[in-house]
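Encoded as structure tokens, the structure appears first; notes follow it.
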2 protein chains.
Amino acid sequence: MTADPDGGYHLHEQIGFVLRKANQRHLAIFSARIGDLTPPQFAALAKLKEIGETSQNQLGSLIAMDAATVKGVIDRLRARGLVEIGKDGADKRRLLVSLTVEGRDLIERLVPLATSITGETLAPLTQREVATLLRLLGRIA
Amino acid sequence: MTADPDGGYHLHEQIGFVLRKANQRHLAIFSARIGDLTPPQFAALAKLKEIGETSQNQLGSLIAMDAATVKGVIDRLRARGLVEIGKDGADKRRLLVSLTVEGRDLIERLVPLATSITGETLAPLTQREVATLLRLLGRIA
DNA sequence: TTGATATCATTCGTATACAAACGAATTGCC
DNA sequence: GGCAATTCGTTTGTATACGAATGATATCAA
């Protein structure tokens, strides 16, 4: 039924390709609404607001970034004064990352925008379809 | 019903975050099975096999890459002898990109692997759910 | 207690991604 | 024909991503 009659391989039907395109559209919507922060930077600030101070690697695992990637993101947020780092007295290997006052202010102002970004990204779907999509994506993520 | 009782913003429920995680899992499966080619490189070869010779920018728009990105991908494929470029007699601005014999051999050998990568990525879902997911993703892509 | 193992953060190298600016070539329009 | 707008490819700069290697520190086990 849904099988390809000619048995051929079509790039546009592969999950990897469609995921990449959906990501691109979301990124375009995001940067149109929040121009001075990238989605990874936003994710770091949002997670810090949710859970408070943590180590750099712990934050990375919470937002699905490896150690090398999260370091770059935190460095750039730090250069802008949105987060700050401190030492962990109990474990000298760790860097504790936390929001600055400016970072907290910014993320609180941006949350409504982020909600509208999610809304615009999902605008082509009904509420029921949104729920289905998130459920199925969650299972392959 | 599905509304968040506390009205809070949770990163893990946002479409952008879930898309990024699904992409990560797909990439991990891809590189475990096809270690010496990235998904964008594979996409370029697969599309060239589908449509034959095209200009660099045209190829980019077919596989959703901007001009700067596609240039890097083609450069690396060219350095490995998988694609070659020629001049367009009718339009001196254009570079015509095509598969070499080695490139054609490789992509034909890899297509079965790519099919199994798609299968493994979608393994947590039933056939019906796969169809639903691809349909909904296609609408927001 | 000490020695193997694991964890934390950093660094290096490679590969997407995309914006912006650029020169060369082509097209559209009068 | 000729000039403006467009298109093609390139280059530069910035920002993820991830593998691999490394040094410092913790932990665990014999």
Side-chain angles (χ1 to χ4, degrees), chain A residues 16-17 19-32 34-45 54-80 82-83 85-97, chain B residues 16-17 19-32 34-45 54-80 82-83 85-97:
Chain A
F17 188 78
L19 281 173
R20 185 163 147 274
K21 290 239 303 175
N23 245 329
Q24 284 179 336
R25 175 163 167 275
H26 177 260
L27 174 64
I29 293 169
F30 190 102
S31 62
I34 301 182
D36 69 339
L37 222 51
T38 65
Q41 288 166 5
F42 178 89
L45 296 181
T54 6
S55 76
Q56 195 172 270
N57 277 6
Q58 175 68 17
L59 178 60
S61 78
L62 290 171
I63 56 181
M65 288 179 211
D66 71 10
T69 300
V70 80
K71 183 194 190 311
V73 173
I74 294 303
D75 279 354
R76 286 179 284 274
L77 291 174
R78 202 146 66 96
R80 292 175 55 180
L82 299 174
V83 303
I85 61 173
K87 296 188 175 182
D88 182 335
D91 187 336
K92 293 181 199 161
R93 296 169 307 176
R94 292 198 178 192
L95 286 184
L96 294 178
V97 186
Chain B
F17 188 79
L19 282 173
R20 184 164 148 274
K21 289 237 307 173
N23 246 328
Q24 284 179 337
R25 175 163 167 274
H26 177 261
L27 175 63
I29 293 169
F30 189 102
S31 62
I34 301 182
D36 69 338
L37 222 53
T38 64
Q41 288 166 5
F42 179 89
L45 296 180
T54 5
S55 76
Q56 195 172 272
N57 277 5
Q58 174 69 17
L59 177 61
S61 79
L62 290 170
I63 56 180
M65 288 179 210
D66 71 10
T69 300
V70 80
K71 183 193 189 311
V73 173
I74 294 303
D75 279 354
R76 285 180 285 273
L77 291 174
R78 203 147 65 96
R80 292 177 53 180
L82 300 174
V83 304
I85 61 172
K87 296 188 176 184
D88 184 335
D91 186 338
K92 292 179 201 163
R93 295 169 306 177
R94 293 198 178 191
L95 286 184
L96 294 177
V97 186

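Residue numbers begin at 1 in each chain, while the letters A, B, ... track the order of the sequences.
Residue Thr69(A) is classed as a base contact, given a heavy-atom separation below 4.0 Å to a base. If you check every strand for non-hydrogen atoms under 4.0 Å, Ser55(A) touches sugar and phosphate atoms only. Ala90(B) comes within contact range of the sugar-phosphate backbone alone, with a heavy-atom separation under 4.0 Å but no base atom that close. At the heavy-atom level, Asp66(A) lies under 4.0 Å from base atoms of the strands shown.
Atom CG of Asp88(A) and atom P of dT7(C) are 17 Å apart (whole Å). Rounded to whole angstrom, the span from the CG atom of Asn57(B) across to the P atom of dG23(C) amounts to 18 Å. Atoms NZ (Lys71(B)) and P (dT16(C)) sit 13 Å apart, rounded to a whole Å. Atom pair Phe30(B):CZ and dA15(C):C1' shows a separation of 13 Å (rounding to whole Å applied). The interatomic distance linking Asp91(A) (CG) with dT7(C) (P) rounds to 12 Å, in whole Å. The distance from atom CG of Asp75(A) to atom P of dT10(C) is 7 Å, rounded to the nearest whole Å. Atom P of nucleotide dT16(C) and atom CG of Leu59(B) are separated by 13 Å, given to the nearest angstrom. Nucleotide dA15(C) holds its C1' atom 14 Å from the CG atom of Asp36(B), rounded to whole Å.
For the OP1/OP2 pair of dC8(C) and a distance below 4.0 Å, the side-chain nitrogens and oxygens of Gln58(A) include no atom meeting the criterion. A sub-4.0 Å separation between OP1 or OP2 of dA24(C) and a side-chain N or O of Arg94(B) is absent.
Comparing Gln24(B) and Leu95(B) by the nucleotide of DNA chain D that holds the closest heavy atom to each, the one mapping nearer the 5' end is Leu95(B). Across the interface with DNA chain D, nearest-nucleotide mapping of Gly72(A) and Gln56(B) shows Gln56(B) to be the residue nearer the 5′ end. Where Arg20(A) and Ala68(A) meet DNA chain C, the nucleotide closest to each residue was compared, and Ala68(A) sits on the side nearer the 5' end.
Think of the region where chain A sits on DNA chain D: with heavy atoms and a 4.0 Å cut, that region ends 5' and 3' at dA15(D) to dA26(D).
When every heavy atom of Gly60(B) is checked against every heavy atom of Val70(B), the shortest pair comes out as CA-CG2, 3.8 Å. For the pair Leu96(A) and Ser55(A), the tightest heavy-atom approach, listed with the atom from each and the gap, is CD2-N, 4.0 Å. In plain terms, the two heavy atoms of Asn23(A) and Gly16(B) that are nearest each other are OD1-O, 4.4 Å.
With sequence neighbours excluded, the residues satisfying side-chain contact (heavy atoms from CB on, under 4.5 Å) with Thr38(A) are Pro40(A), Gln41(A).
Using modelled atom types, one side-chain atom of Gln24(B) and one backbone atom of Ala64(A) make a donor-acceptor pair closer than 3.5 Å. In this structure a side-chain-to-backbone donor-acceptor pair under 3.5 Å is missing from Arg78(A) to Val97(A).
Interface remark: the Arg93(B) side chain does not form any donor-acceptor pair with the dT26(C) base, using a distance-only criterion of under 3.5 Å.
Annotation: side chain of Leu95(A) is not in contact with side chain of Lys71(A) (no heavy-atom distance under 4.5 Å).
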Item to check | Working for side chain to side chain contact (heavy atoms under 4.5 Å, CB included), residues Ile63(A) and Val73(A) | outcome: CA-CA 11 Å; Ile63(A) 56 181; Val73(A) 173; 5.9 Å; no

